[in-house]
Amino acid sequence: MSLIAKIIWQVEMQLQRPTSLDDLADRCAVSPFHMARVFRMATGHAPMTYLRARRLSHAAGLLAQGDRDVLQIALDLQYGSHAAFTRAFVSYFGVNPRDVRKVRSTENLQLMEPLKMDNTAFVDVSPPKLANMDAMRVIGVSAQCTFEDTSAIPGLWQQFNAREDEVAAAPGPAFGVCCDADGAGRFRYVAGMQADRDQSVPKGMDEVQIPAGQYAVFQHVGHVADMPKTVHAIWNKALPESGLSLRPAPDFERYDQRFDVETGRGTVEIWIPVMGTARPS
């Protein structure tokens, strides 16, 4: 089962139970950040936004049956009061829940039905190679991003490419690091290069420490604009099928001589911190 399918199934199981982003992530065996990242990429929704939409849509169906009062439905679907439920319902559907109960119909409501993912839509991704990496310090330019808005990232690379000689005296791979993530989908992206331990951080730049450990190394081959498709397939298919478990650390993209900055084409390595032993491919 893909990670997205697990999240969708868990949401359906928690419609009438108290839950949080952390709870959903624990049940899916991923961090809140990675769960939110993958779900947003695949569906366009934040996990908790989808959960709320599913609860309200389920509530609309119950109201249309007309057998239960509004307060009981509100409490069953984890709203603390009649007023809180009514506010949420009106905000989402534009009508009062009493009106839906009165007409006994959801015909004019835009319900959020359970999502169904097409598991045949994944691009092909080769099984990962496992690599142990020493601790690394990356210095570059950074920006706060969200899953909804990563528009700053191309500009970061333009800024860094113009200043890379301030970090490394000799050519080497560049790194795009996702770090300082939270469950709301915010993270810091650093476009930079590996730096010596004692190098000072140039003005206007930032740094991130990447701890030593084991990584699953995947490859994206093609244009960088298509990399989200590869990342989607990694998180939803290739990584779950590998049998590896995530560990808390930044993940990053590695751009070496196989990637052409001018054309945006080539091979990019995607390093994801893991632990365990991969299943035979």
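Residue indices begin at 1 and follow the sequence shown. In what follows, every heavy atom counts, from backbone to side chain, and hydrogens, waters and symmetry copies are set aside. Keep in mind that this is a model prediction, so the values were computed, not measured.
Taking 4.5 Å as the limit, some side-chain heavy atom of Glu253 sits within range of a side-chain heavy atom of Met227. Counting only heavy atoms from C-beta outward, the side chains of Gln219 and Lys129 never approach each other to under 4.5 Å. Using a 4.5 Å heavy-atom cutoff, the side chains of Asn96 and Thr86 are in contact. By the 4.5 Å heavy-atom criterion applied to side chains, Arg197 and Arg137 are not counted as neighbours. Taking the side chain as every heavy atom from C-beta outward, Arg188 and Val208 approach each other to under 4.5 Å. When side chains are defined from C-beta on, Tyr255 does not count as touching Val261, because their heavy atoms never get closer than 4.5 Å. Inter-residue side-chain proximity for Ser142 and Phe160 is flagged as unmet; no heavy-atom pair is nearer than 4.5 Å. For the pair His34 and Asp251, the minimum side-chain heavy-atom distance is below 4.5 Å.
Checked by atom type and distance alone, the side chain of Gln10 never pairs as donor or acceptor with a backbone atom of Ala25 at under 3.5 Å. Looking only at distances, no side-chain donor or acceptor of Arg254 sits under 3.5 Å from a matching main-chain atom of Phe175. Under the 3.5 Å distance criterion, the side-chain polar atoms of Ser91 are left unmatched by any main-chain donor or acceptor of Ala88.
With rounding to the nearest 0.5 Å, the separation of CD1 in Ile7 from CD in Glu12 is 13.0 Å. Here Asp196 contributes atom CG and Gln194 contributes atom CD; the two are 8.0 Å apart, rounded to the nearest 0.5 Å. Within the model, atoms CG of Leu3 and NE2 of His232 stand 10.0 Å from one another, a figure rounded to the nearest 0.5 Å. The line from CG of Leu15 to OG of Ser57 is 9.5 Å long, rounded to the nearest 0.5 Å. Taken from CG in Leu115 to CD1 in Ile4, the straight-line distance is 9.0 Å, to the nearest 0.5 Å.
Shortest non-hydrogen contact noted between Leu21 and Met35 is CD1-CE, 3.3 Å. Shortest non-hydrogen contact noted between Glu166 and Pro202 is OE1-CB, 3.5 Å. Of all heavy-atom pairs between Ile270 and His220, the closest is CD1-CB, 4.3 Å. What you find for Thr267 and Phe259 is that their closest heavy atoms are O-CB, 3.7 Å.
Here the rule is side-chain contact (heavy atoms from CB on, under 4.5 Å) with Val70, and of Leu63, Leu75, Val100 only Leu63 fits it. Exactly one residue among Arg27, Met13, Gln78 makes a side-chain contact (heavy atoms from CB on, under 4.5 Å) with Thr19. That residue is Arg27.
With a 6.0 Å cutoff to the six-membered ring centre and a 45° limit on the axis angle, Arg55 does not count as a cation-pi contact of Phe89.
In this structure, Phe252 and Trp271 have parallel ring planes: the angle between them is below the 30° cut-off, well short of the 60° mark.
For Gln110, the CD atom counts as loosely surrounded, since its 6.0 Å shell holds 12 or fewer non-hydrogen atoms of other residues, nucleotides or ligands. Residue-environment remark: CZ (Arg258) exceeds the threshold of 12 foreign heavy atoms within 6.0 Å. For Asn132, the CG atom sits in a packed shell: over 12 heavy atoms of surrounding residues, nucleotides or ligands are nearer than 6.0 Å.
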